Structure formats: C-alpha cells, structure tokens
J.: 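Structure below; questions to follow.
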Amino acid sequence: MDTVELARFLIGKTLVHDLPHVRLSGRIVETEAYLVGDAACHAFRGVTPRNRTLFLERGHAYVYFIYGNHFMLNVSGQREGIGEGILLRGLEPLEGIDWMQLHRAEKPSRRGRGNRSADSADKKAAPLTELSRGPGRLAAALRITRSLDGVDLCAKGPLWLGTEAKPTGEIGVSVRIGIRVEAHRLLRFYERGNPFVSGPRRLNS
DNA sequence: CGGCTGATGATCT
DNA sequence: GATCATCAGCCGG
C-alpha cells in the first residue's frame, strides 16, 4: 500500500487519544496525501529537525506547529527513510465530545497541560459540526501536541488508529486545501456528504 | 455561505 | 526576514 492508498484507507477509521481520565475518539473523514517530489510536502527539501518523523516507517505521527496557533497531525506513509505523509483534516467525534469542546477553548500554549478551566470560561459553545472540522480544530479537540510527534499509531500507546466504527461512505477526491504550490494535484480525500469534512462546498461534491 | 484580515511563533534561508 | 498543510471574527450578498 502506497501513501495515496493509505490516505484513502484511513477514511472511516477510528483515531483514538487516551488521556488519563478520558478517551477521545472519532472517525477520520478527510485526509490529504503529501508525496516524494511534491513541493508542498514538508519533506521536499530533505530531513530537518522538524520533519524527521515524517521519515519514520508508515504509521507514525508527524505533529508540527504552524501559524503560531495550530498543531497538525499527519501519519507517515512510507518505509523508513522516505518522507511521505497524510494530513488528517476532518474527524467525526465519537467519544469524549464534552472534553473535546473544552480542549477547543484552550490556547495552544496551555494545551496538553492538564489545565481545564482557565481559558474556557464564558465562550459560547460552537456547533458540533465545527468541533473537529479542519486540521487545526481536529488536533485541538483531541489535544494533539508536539509531545506526540513520532509515536507509533499502530502500537499500544496513548494515540492510535483503530478499525472502522461503521461502514465508510463513498470517497470524494479534490485538490488540497491551503497550499500555494502543487495546488492542482488531486490528493485530498473525503467521505461524501459528511458534515465534518472541511473546505468550501465546491470542493466537497 | 464566501471572501477578507489579523494573530502568532516556529522554522529555515 | 519570509513563509506558513489555519482559524475566528467580521462584513456583504
């Protein structure tokens, strides 16, 4: 299975983050593949301190921080030494939804630190469909931080991938979102009609 | 809903 | 110093 096949395979699978007090989980409904020779891929210019986990064997987490605000979760997609990966962009919440809402209200600097009240005071609760729609929200809801960079998602541990929780619908394909280079490649995959898929409507037909 | 803008800091050149 | 795989808030249609 190559990285594109894995990107499609991951749609409908369960992503789980076990915290000491609660299990957070959801169905993956949107992914994007980033490949060798792809200028939009973080591995394009070779190994650096930031992207080294993208070169781990298929199924490891590559977590990075961007725009001063957001973590992104990727799954490495190739054999060790080859930098390809899959960005997880949309999640349909299953377990721990009330906790996810709290995590969304926390600032990144306070996230992953067991602080549950300071930042979440009187914010109006967003609609459920916005909870984990988009890569930044997904990571925030599941409390994914840099400390999970490099973990094996197929092994016993705090963050792991499970089997599908219910039948997976039809998979749509589109260009990737939010990149300036290689913007024409059809490497985004999503479950058609699922409200937890991000992006403009025109890409989600 | 779609389009625009500012926030915010790590990373690499 | 420029860039960036984003988001919330705001505005117009």
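Numbers restart at 1 for each chain; the letters A, B, ... are given by sequence-line order, proteins then strands. These numbers were taken from a predicted model, which means no experiment stands behind them.
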J.: Whom does C/dA8 pair with, Watson-Crick or G-U wobble, provided both distances fall under 3.5 Å?
T.: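 When the pairing criteria are applied, B/dT5 turns out to be the nucleotide that pairs with C/dA8.
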J.: Identify which nucleotide among B/dT11, B/dC12, C/dA5 has an atom closest to any side-chain atom of A/P49, counting heavy atoms from C-beta outward.
T.: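 Closest nucleotide to the A/P49 side chain: B/dC12.
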J.: Are there over 12 heavy-atom neighbours, none belonging to A/R45, within less than 6.0 Å of that residue's CZ?
T.: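 Open: at most 12 neighbouring heavy atoms sit under 6.0 Å from CZ of A/R45.
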J.: Taking only the side-chain heavy atoms of A/H70 (C-beta and beyond), determine which of C/dC7, B/dG9, C/dA5 contains the nearest atom.
T.: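 Per side-chain heavy atoms of A/H70, the pick is C/dC7.
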J.: Of A/L73 and A/E130, whose closest DNA chain C nucleotide lies nearer the 5' terminus?
T.: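 The 5'-side residue here is A/L73.
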J.: Side chain of A/R180 only, please: which of C/dC4, C/dC7, B/dC1 is the nearest?
T.: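 The listed nucleotide nearest to A/R180's side chain is C/dC4.
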J.: Give the nucleotide from the list B/dC12, B/dA10, C/dA5 with an atom nearest to the side chain of A/L54.
T.: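 So the side chain of A/L54 is nearest to C/dA5.
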J.: Are A/V151 and A/Y64 in one and the same hydrophobic cluster, where Ile, Leu, Val, Met, Phe, Trp and Tyr link if side-chain heavy atoms are under 4.5 Å apart?
T.: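 A/V151 does not cluster with A/Y64.
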J.: Write down the distance between CG (A/L138) and P (C/dC7), rounded to a whole number of angstrom.
T.: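 My rounded result for the distance is 9 Å.
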J.: Does A/Y64 get its side chain close enough to the base of C/dA5, under 3.5 Å, for a donor-acceptor pair?
T.: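 Such a pair is found, so the answer is yes.
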J.: Which nucleotide wins on minimum distance to the side chain of A/Y62, given the candidates B/dG2, B/dT11, C/dA5?
T.: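 For A/Y62, the side-chain atoms sit closest to C/dA5.
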J.: Rounding to a whole Å, what distance do you find between A/R137:CZ and C/dT6:C1'?
T.: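 Checked: the CZ to C1' distance equals 9 Å.
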J.: Measure CZ/A/R201 against P/B/dG2 and give the value in whole Å, please.
T.: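 Rounded to the whole Å, the gap is 6 Å.
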J.: Quickly work out the A/F71 CZ to B/dT8 P distance and round it to whole Å.
T.: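 The answer, rounded to whole Å, is 15 Å.
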J.: Base, sugar-phosphate or nothing for A/R104? Non-hydrogen atoms, less than 4.0 Å.
T.: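 Here A/R104 touches the backbone only, sparing every base.
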J.: Closest heavy-atom contact between A/F189 and A/L187?
T.: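 Closest approach of A/F189 to A/L187, heavy atoms only: CE1-O, 3.4 Å.
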J.: A/H42 has an atom NE2; how far is it from atom P of C/dC4, in whole Å?
T.: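 In whole Å, C/dC4 P lies 9 Å from A/H42 NE2.
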J.: Does the A/R137 side chain pair with the main chain of A/R133, one donor and one acceptor, at a distance under 3.5 Å?
T.: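 Present.
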J.: If you only use heavy atoms from C-beta on, which nucleotide in C/dA8, C/dA5, B/dG2 is closest to the side chain of A/R89?
T.: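 Side chain of A/R89 sits closest to C/dA5.
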J.: Could you tell me whether A/G68 contacts a base, only the sugar-phosphate backbone, or nothing, with contacts defined as non-hydrogen atoms closer than 4.0 Å?
T.: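 The residue A/G68 makes base contact.
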J.: Starting from P on C/dA8, measure out to CG on A/L131 and report it in whole angstrom.
T.: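 That distance rounds to 11 Å.
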J.: Measure from the side-chain heavy atoms of A/Y67 and tell me the nearest of B/dA10, B/dT8, B/dC12.
T.: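 That would be B/dT8.
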J.: Let's see if you can work this out: which of C/dT6, B/dA7, B/dG2 has an atom nearest to the side-chain heavy atoms of A/N69?
T.: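 Closest of the options to the side chain of A/N69: B/dA7.
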J.: In this structure, how many angstroms lie between the C1' atom of B/dT13 and the CZ atom of A/R45, rounded?
T.: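 Rounded to the whole Å, the gap is 10 Å.
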J.: Do the charged groups of A/E106 and A/R143 touch, with an N to O distance under 4.0 Å?
T.: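 The answer is yes: the pair qualifies as a salt bridge.
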J.: Count the heavy atoms of every other residue, nucleotide or ligand shown that sit under 6.0 Å from CZ of A/F65, and state whether that count exceeds 12.
T.: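 Atom CZ in A/F65 is crowded, with more than 12 foreign heavy atoms closer than 6.0 Å.
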J.: Check this one for me: any side-chain N or O of A/R52 less than 4.0 Å away from OP1 or OP2 of B/dT11?
T.: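 Result: no.
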J.: Which nucleotide in the list B/dA10, C/dC7, B/dG2 gets nearest to the side chain of A/P135?
T.: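 Nearest to the side chain of A/P135 among the choices is C/dC7.
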J.: For the pair made of CZ in A/R133 and C1' in C/dC7, what is the distance, rounded to whole Å?
T.: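 Between C1' of C/dC7 and CZ of A/R133: 12 Å.
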J.: By the 4.0 Å heavy-atom rule, please label A/R176 as base, sugar-phosphate, or nothing.
T.: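 It contacts nothing in the nucleic acid.
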